[in-house]
There are 2 protein chains.
Amino acid sequence: MSERASIRDVAVRAGVSPTTVSHVLNNTPGTRTSEKTRARVHAAAAELGYSANAVARALRTRRSDSVGFVGDEIATTPFAGKLILGAQEVVRQHDGVLLVTNTSYDAELENREIRELLSRDIDGVLYAAMYHRVVTVPASLHAAPVVVLNARTNDDRSWVSPDEYAGGEDAAQVLIDAGHRRLAMIGNADPIPAASGRPAGFLARAAAAGIPSEDVTVVYVSPTAGHAAEAAMRLLDRPDRPTGLFCFNDLMAMGAYNSARRLGLRIPDDLSVVGFDDLAILSAAVDPALTTVALPHLEMGAWAAEQLYVEIAARATGQPSPVRHAELRGEVVHRASVGSPPR
Amino acid sequence: MSERASIRDVAVRAGVSPTTVSHVLNNTPGTRTSEKTRARVHAAAAELGYSANAVARALRTRRSDSVGFVGDEIATTPFAGKLILGAQEVVRQHDGVLLVTNTSYDAELENREIRELLSRDIDGVLYAAMYHRVVTVPASLHAAPVVVLNARTNDDRSWVSPDEYAGGEDAAQVLIDAGHRRLAMIGNADPIPAASGRPAGFLARAAAAGIPSEDVTVVYVSPTAGHAAEAAMRLLDRPDRPTGLFCFNDLMAMGAYNSARRLGLRIPDDLSVVGFDDLAILSAAVDPALTTVALPHLEMGAWAAEQLYVEIAARATGQPSPVRHAELRGEVVHRASVGSPPR
DNA sequence: CCGACCTGCCAAACCGATTTACCGGGTCGC
DNA sequence: GCGACCCGGTAAATCGGTTTGGCAGGTCGG
């Protein structure tokens, strides 16, 4: 273990001082070193398999090349993994490392974790929510660069969230493209951004396609498969039923699937269904596989990490943090639940 | 940012030396300090909101209170989150922090990530697989404490994996308890531990319950919903069909669901189905909700972290690492896909 | 020929903790 | 009354890097 080479070892082997080794290996701007010496240093470092001790460096430079990822729940959705992965790819390019913590919606725990991160001189934090909502960044983070991920905030901080409106538009477009002219949406009655954005986009696109407003229905229910099933039952159990149905999320689409089955409606022959979220495990496994609007988790994670590095760099040069916001559009994943309208 | 109090600030305020502050705050064994002084130090630390800089401490002690979590894929399954969460709870109790990395089954990337972790003086690493298999710990980790998580290894290292045999037993028991006497299993033809363990336990328990061997069938197919559906078709499309069906995993159970539906068999009235994995999103959403054997991810994560800390402590005192192995039993999650056998 | 300036390199300070080694002063035993 | 020992505490070294502030020696312009 302890046989790791230090900068002194490299210096001795190259016949120079540690200062020079540091300058050469870091390409420190404003320093000069002859080509010959540079070569000797590089050779010595390579022979010893030297790589700088990140802890020592962090102590001196007050920069640890590590960023914290504080999430509210990491265990129950596959979303967390995608957010983390997207962020990680960017962090890796910066030779950094991700410190992941989970707060379980527990404010006290969150503060303890944040202290723990701060005591490690992290360069910044990604403050992530597992579903799109409005968060407030804890006061303990006031001094650190922070980007809010998969959420928005009223604090003066950068954030990135899904473009819910565009998602609603895209869902409508899928149905319209398939030829549907009688549409419905089972929405979410909760007061969260997605619950208003998705139907707004859906309605707008339907209107833009010239579908009369009496031919597109939106109902709002509690976001469970059970409530969605009831809503679908009411929506579908009549002769002039919609032929294209957009559900607030994939889980609710499963409720619609069940109701359709009970009513003897085949998907996609009698009814086309579009979901939201792209819970891949679920939507690819059911029969028929569910066409759905994916959430751009990978992209959001990457965007947030990029932005965080921008803010970290700004702070390093003493400039104010450039606050930015983004709403990213998800892609439609075409599977088998959408077809032409009946007859 | 830079207004964080240092140990010197505390020392000045308490009118003592940094040495004493360190002794008091860490309760360093073998040192003596008067009650009065201790009180002053604690008061000063509290007033300044002091907490030690973890980077400086790590540099001096060569112990960073951080452990690496290196996983092969973190984005595609909800398993990763549970493994991480289980580990994290233990790590947190040790005032540590988890550095999460993802290798995407890419050996070169893996080595880069490991170097990155090692350069940060991590205390040990959790080497995690997302599905139970046999792994070999990369050579670059030879000097560090390592516990293999959700996998086993032939290297001389600790590991923890699911008890596949017990899972197979439990699945059989669920069906037997419900009264079934004609059983089948759709197994996995891949050469992985789960593929042999689960059927072995299943068969053993069926035999123990006195079910004649000609009444329990096991077939092995490629682990996809499609292949499982075909297998289910063959298994179920005859009069003496089994009434209780165990599927290698939840995804394959979905295939069986589809075939049952095609054959006009109702679940659980005509056919009872037990899955494996407890992909909660999936199994709770389908109709009927799937009874399944859960994988003990949380518990494995916690076990691995505990064991890692044992090995870290051993190393600190110069003892050899106590290598241990564990196979943890998952719990049966009872939902709605198991009922009494028909008639 | 002198001073200014450049080149190439290094010694020492520093980051913030822990750990080692030691030091006054009081107590105790004899 | 003297050495041994305990008590409560501190100064300085240390971990492994980076950064600051120079310092020889050579070159160049005037």
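Residue numbers begin at 1 in each chain, while the letters A, B, ... track the order of the sequences.
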If every non-hydrogen atom of [X] is compared with every non-hydrogen atom of [Y], which pair is closest and at what distance?
X	Y	answer
Leu126(A)	Ala87(A)	CD2-CB, 3.7 Å
Ala151(A)	Ser161(A)	O-CB, 3.9 Å
Asp65(A)	Arg120(B)	O-NH2, 2.8 Å
Val323(B)	Ser158(B)	CA-OG, 3.4 Å

Check: Hey, is Arg329(A) close enough to Glu299(A) for a salt bridge, meaning N to O under 4.0 Å?
Finding: no

Next item on the list: May I ask you to say whether Asp121(B) pairs ionically with Arg63(B), meaning some side-chain N is under 4.0 Å from a carboxylate O?
Entry: no

In whole Å, I'd like the distance from the [atom1] atom of [X] to the [atom2] atom of [N].
X	N	atom1	atom2	answer
Asn53(A)	dC15(D)	CG	C1'	8 Å
Asp65(A)	dG17(D)	CG	C1'	13 Å
Arg60(B)	dG17(D)	CZ	P	15 Å
Leu59(B)	dG16(C)	CG	C1'	9 Å
Lys36(B)	dG8(D)	NZ	P	12 Å
Ile7(B)	dT19(C)	CD1	C1'	12 Å
Arg120(B)	dC15(D)	CZ	C1'	17 Å
Arg8(B)	dC14(C)	CZ	C1'	10 Å

Mind checking [X] for me? I need base, sugar-phosphate or nothing, with any heavy atom below 4.0 Å counting as a touch.
X	result
Thr37(A)	sugar-phosphate
Val16(A)	sugar-phosphate
Thr19(B)	base
Thr61(B)	sugar-phosphate

Notebook entry, point to check: Any donor-acceptor pair under 3.5 Å joining the side chain of Arg62(B) to the base of dC15(D)?
Noted result: no

Check: On a plain distance test, is the side chain of Arg32(A) in donor-acceptor contact with the base of dT7(C) below 3.5 Å?
Finding: no

Counting just side-chain N and O atoms, does [X] come under 4.0 Å of either OP1 or OP2 of [N]?
X	N	result
Tyr50(B)	dA17(C)	yes
Ser22(A)	dG17(D)	no
Asn26(A)	dT18(D)	yes
Ser34(A)	dG8(C)	no
Arg57(A)	dT18(D)	yes

Notebook entry, point to check: Which of the following nucleotides, dC9(C), dG16(C), dG9(D), is nearest to the side chain of Thr33(B)?
Noted result: dG9(D)

Checklist line | Nucleotide nearest Ser17(B) (side chain, heavy atoms from C-beta), chosen from dG16(D), dT14(D), dA11(D) | finding: dA11(D)

